[in-house]
Structures are given as structure tokens and as C-alpha cells.
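Working notes, beginning with the structure itself.
None of the values given here were measured: they were computed from a predicted structure. Just so it is clear: chains get the letters A, B, ... in the order the sequence lines come, proteins before strands, and each one is counted from 1.
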Protein chains: 2
Amino acid sequence: MSPDPTAGPTTDLITVVLVDDHAMFRRGVRAELEAAGAGVVRVLAEAADVDEAVRAVAAHAPDVVLLDVHLPGGGGVEVMRRSNAPGTRFLALSVSDAAEDVIGTIRGGARGYVTKTITGPELVAAIKRVSEGDAVFSPRLAGFVLDAFAGSIELAAVDEDLDRLTEREREVMRLIARGYAYKEVAKELFISIKTVETHMSSVLRKLQLSSRHELTRWASDRRLL
Amino acid sequence: MSPDPTAGPTTDLITVVLVDDHAMFRRGVRAELEAAGAGVVRVLAEAADVDEAVRAVAAHAPDVVLLDVHLPGGGGVEVMRRSNAPGTRFLALSVSDAAEDVIGTIRGGARGYVTKTITGPELVAAIKRVSEGDAVFSPRLAGFVLDAFAGSIELAAVDEDLDRLTEREREVMRLIARGYAYKEVAKELFISIKTVETHMSSVLRKLQLSSRHELTRWASDRRLL
DNA sequence: GCGAGGATCAGGGGCGTCCCCGATGGTGGG
DNA sequence: CCCACCATCGGGGACGCCCCTGATCCTCGC
């Protein structure tokens, strides 16, 4: 929004490391940044895979890393996981606009995510904003992130499985996933332990799980708790 | 970033409902929007509490609701919860920059969060971006949201408990929390089931938990998996 | 009416979980 | 040297989890 002098250097050049496995694409981005970002952005180094990227980040401690999501050696998330760079912010730059890529990358610690359809000036603006501490998303992607954060995402995907459960089964499932023992579920729902067992049996079968532990993780992954 | 014709009206006026319990502040915002946002933003209605806000949103179906976080009758989150307005986006406008307010509001479904230190032109720009589907945060706040989302919060608090575990106990704990049975942990670590039981006993005691289910949730909440 | 499916419950069995008791060996500090 | 702590293991027991078979009652739709 407005320059924030506490969040990053706005007077000096913003230093950038560029990570992408396609040399041609790196060349293009670099050219765009040198054209549209002259006087604003400076590319310190490039990297073509995870190992190179980690080394480059460690060596140059850039303000911003432009990070491809799909990358030989583990993907962009792996780069962030293996990099210990407090002053560095990661901006994902990917062809993918799939929700799982976006969300996974944000979970991994990226401060923004833009698609490769972006233009040079827009990319420069995005880098600038990320370096100032702002979060940047292509408009189309912002919804994914906030929806996921609000816990309302992938309900569509879940529903295929979840809809096959009856109302009562869902109640039992919710309590079990939250760590209730069968006995406690029974008391909570005013039914016998045996009925709880019957419902759980159905739940596990319908969700293709084999134990309450898997159920806990399943529900936790989908934020159903 | 760039106008996205699929995400919202950019040619017409962006319609706004203004929710704040202070008439003086509403008046000020309205004046700013009419000055800086002339030809861009149009305020359809104002509301001073949750009930009024819900009614105003339902009646006018605005593009954007400028929403105070602390509000008589339940707060801004309550307004979003009770409003069924698919085409409407909520932009929180608050004095508070507390992490819990920001995160709670985003969880509640807001598409952005700016503080009242914002200037008129910045607010107009924020409204415009939100109406286009983008996410807007004051730079200082973006960090909260993404940190919370990446789950890197409260790691400091964990260490106090976690440090009391021995190395071996941590290994066992990690596997158990991931859903391994005692038998599987034993095989994985080349020790007997009995040793696994001993370690688990220590882990549960030290973490003040009473079952592996609680441990799973404990670790899951802290993203130690 | 009759079958399908949902909700309720029982008995019994195999195995997992968690605890109690105990034991041995290693390691490091007072 | 002894004590504290750790890692390793065992027996045995109470209870929880999950499955199986089998049952009753209800509702809904054909």
C-alpha cells in the first residue's frame, strides 16, 4: 500500500535471487526485471534446482527470492524449508494456479504467490511490495488463501466422502477426531458404547481409514475440528 | 495488481456499506471516500451495530463492506457470520493491530484488514483492490496472517515443554503422533515394544497428556508432524 | 406391504494402549 | 564411590479399540 520504512529497504535496490529450472524463463524474467525494474530491483543470482537455490540464498541473503513452485529436488517448499534466512522473503512465481500449490506454498512460508502470466511492471511492483512486508497474490489466487485460512476450503472435495456419512456418523466422527474415547462419545450423545462402535465402524469403512488415529489426522488436515 | 474483469465491477462505481459504531468516524470516512473516491466509490448506507449492519448488507448487497472489528452486538465477525451475501466482500477497518483481531477477522471471512491510520486515497485503493478479489493488508499486518497460516506461531512456547523430553523420547513421540502403533515404532527404532511403552509413559507424563490421541492433537496443533 | 437403509444395542474376541511392578547397564556429577 | 538420569527390557493387568455376527425398531419409497 504505502512504503513502510520499518519493513525493508526502499531506498536501496531490492536484491533478488531467481529460482527456476528453465534457463529460458530465467533469462526472460531477468530481462524484464532489468527493463521494468531498472533502479529498483537487482538480480544477484540464479538457481535451477533446490540445492543451487539453497546455496544461492545462503550466499547472497537477498531481500526477495523469486521461487518456482515445481522444481527438481523437492519443489519450492523444500527451498524455503532448508533456507535459514530471516531477512529474506519468498515470492512464489508459478505456472500453476491450483489451490493445493498455492496453499502448500503459503504454508511453507512464502509471502506471496503470482502466476507467470504476470507482466514485467506488475512483477516489479509485486517484488517491491513483498520486500516491504506486504502480501501479494494474483487476484484470482487471493480467494484460495483466505478461504483456506477461514477454514472453508476443500469442503467441496471433502463432501464427496463426507456426504456419504449420515448425520449421526458425522457427529460421532467429530467427537472421535477430537480425541474423545468411545465411552465419552456415548455419554455425550446419550447412546451406548456399542452404538458408537457401530457408527465408527461405518465411518472408517466409508472414509477408507483403518483406525481412529488416521481419522484424527484426516479430519485435522481438512480442518473439521 | 491489475484489473481483473472477472472478479468485480471496475467500470461502475464500487458500492460500499460502512459499519462503525462511532458516528463521527463514519462521517469522516464518508467524507474521505467522497473526496478521494469520487467517481470510484459510492457509500450506500451506514450501520452502527451488528443488527443494523446485517440488515444494511441484506438490503443493499454492496460490493464491499467496510467493517469495524469491535462493534456492539458481537463484533465484525458476527456481521459476517450472519450475512449471506455471496457477491459482497468484507474489508476490516479497525484501530486494532493485535494479531488475534486480525487473524480472527480473517478466519471469519474478511478479505482484507487495514488500520484506521490509513489515508483516504489508500483506503480507496484498498476498497478497489478488495472489490476486484485481491487481498489487502496493511504491510505490518500481512506478516501476522501469513505467519499464522504457515503455522510458525507459538513455536517458542512449545520448547519449554518439548525441551524436557530426552532425544529418544522425542523420536518416539514424533512417530506416535504420526499414527504409528507401538509395534511399528519398535521396529522403526530397533527397540522392543516395552521400551517404546516406557518412553511413551515418560512423554505423556512430561507433556501432561493422558493418551496418544491427545498427543496427536497436541503435536498437530503445534505442527510438529 | 416390503425391502432398503438408518439408528439403536448385545456378546465375544483379538489386539493395542497404558499402567503397575521390577530389572540391567551406561554415563556424568558431587 | 554413589546417586541421578537415561535407555533398555520383562511380566502382568485393566481397559480401549475395532471387528464380527446378529438383533430390533423406525422411516421412506416403490
Are OP1 or OP2 of dT8(D) and a side-chain N or O of His199(B) less than 4.0 angstrom apart? yes

Which one, dA7(C), dC18(C), dT8(C), comes nearest to the side chain of Thr166(A)? dA7(C)

Provide, to the nearest angstrom, the distance between the NE2 atom belonging to His213(B) and the P atom belonging to dC15(D). 16 Å

Using a heavy-atom cut-off of 4.0 Å across all strands, would you classify Ser192(A) as base, sugar-phosphate, or nothing? sugar-phosphate

Look at Ser201(B) and dC18(C) and indicate whether a side-chain polar atom (N or O) is within less than 4.0 Å of OP1 or OP2. no

Ala181(B) has a side chain; which of dG16(D), dT8(D), dT17(C) sits nearest to it? dT17(C)

Closest to the Arg212(A) side chain, choosing from dT17(C), dC19(C), dC17(D): dC17(D)

Decide, yes or no, whether a salt bridge links Glu167(A) with Arg170(A) under the criterion of side-chain N to carboxylate O below 4.0 Å. yes

Round to the nearest Å and state the distance from Glu167(A) atom CD to dT8(C) atom P. 11 Å

Protein-nucleotide distance (Met200(B), atom CE; dT17(C), atom C1'), rounded to Å: 8 Å

Any idea which heavy atoms bring His60(A) and Ala45(A) closest together, and the distance? CE1-CB, 3.5 Å

Rounded to the Å, how far apart are Lys183(A) NZ and dC18(D) P? 15 Å

Categorize Ser211(A) for me: base, sugar-phosphate, or nothing, with a 4.0 angstrom heavy-atom threshold over every strand shown. sugar-phosphate

Please report the interatomic distance CG(Asp21(A)) to CG(Asp68(A)), rounded to the nearest 0.5 Å. 5.5 Å

By nearest heavy atom, map Thr198(B) and Leu209(B) onto DNA chain C; which one lands nearer the 5' end? Leu209(B)

Whole angstrom is fine here: how far is it from CG in Leu189(B) over to P in dT8(D)? 8 Å

Taking side chain to side chain contact (heavy atoms under 4.5 Å, CB included) as the criterion, tell me which of Ile176(A), Ile193(A), Thr195(A) meets it with Val185(A). Ile176(A)

Whole angstrom is fine here: how far is it from NZ in Lys194(B) over to C1' in dG11(D)? 7 Å

Rounded to whole angstrom units, what separation is found between the OH atom of Tyr180(B) and the P atom of dG16(C)? 16 Å

Once you round it to whole Å, what is the distance between P of dG12(D) and CD1 of Ile193(B)? 16 Å

Between the base of dC19(C) and the side chain of Glu197(B), is there a donor and acceptor pair under 3.5 angstrom? yes

Looking at dT8(D), dA7(C), dC9(C), which one has an atom nearest to any side-chain atom of Thr195(A)? dC9(C)

Taking all non-hydrogen atoms of both residues into account, name the closest pair between Leu165(A) and Val203(A) and its distance. CD2-CA, 4.1 Å

Checking contacts here: which listed nucleotide (dC19(C), dT17(C), dC17(D)) is nearest the side-chain heavy atoms of Tyr182(B)? dT17(C)

Does Arg168(A) put a side-chain nitrogen or oxygen below 4.0 Å from OP1 or OP2 of dT8(C)? yes

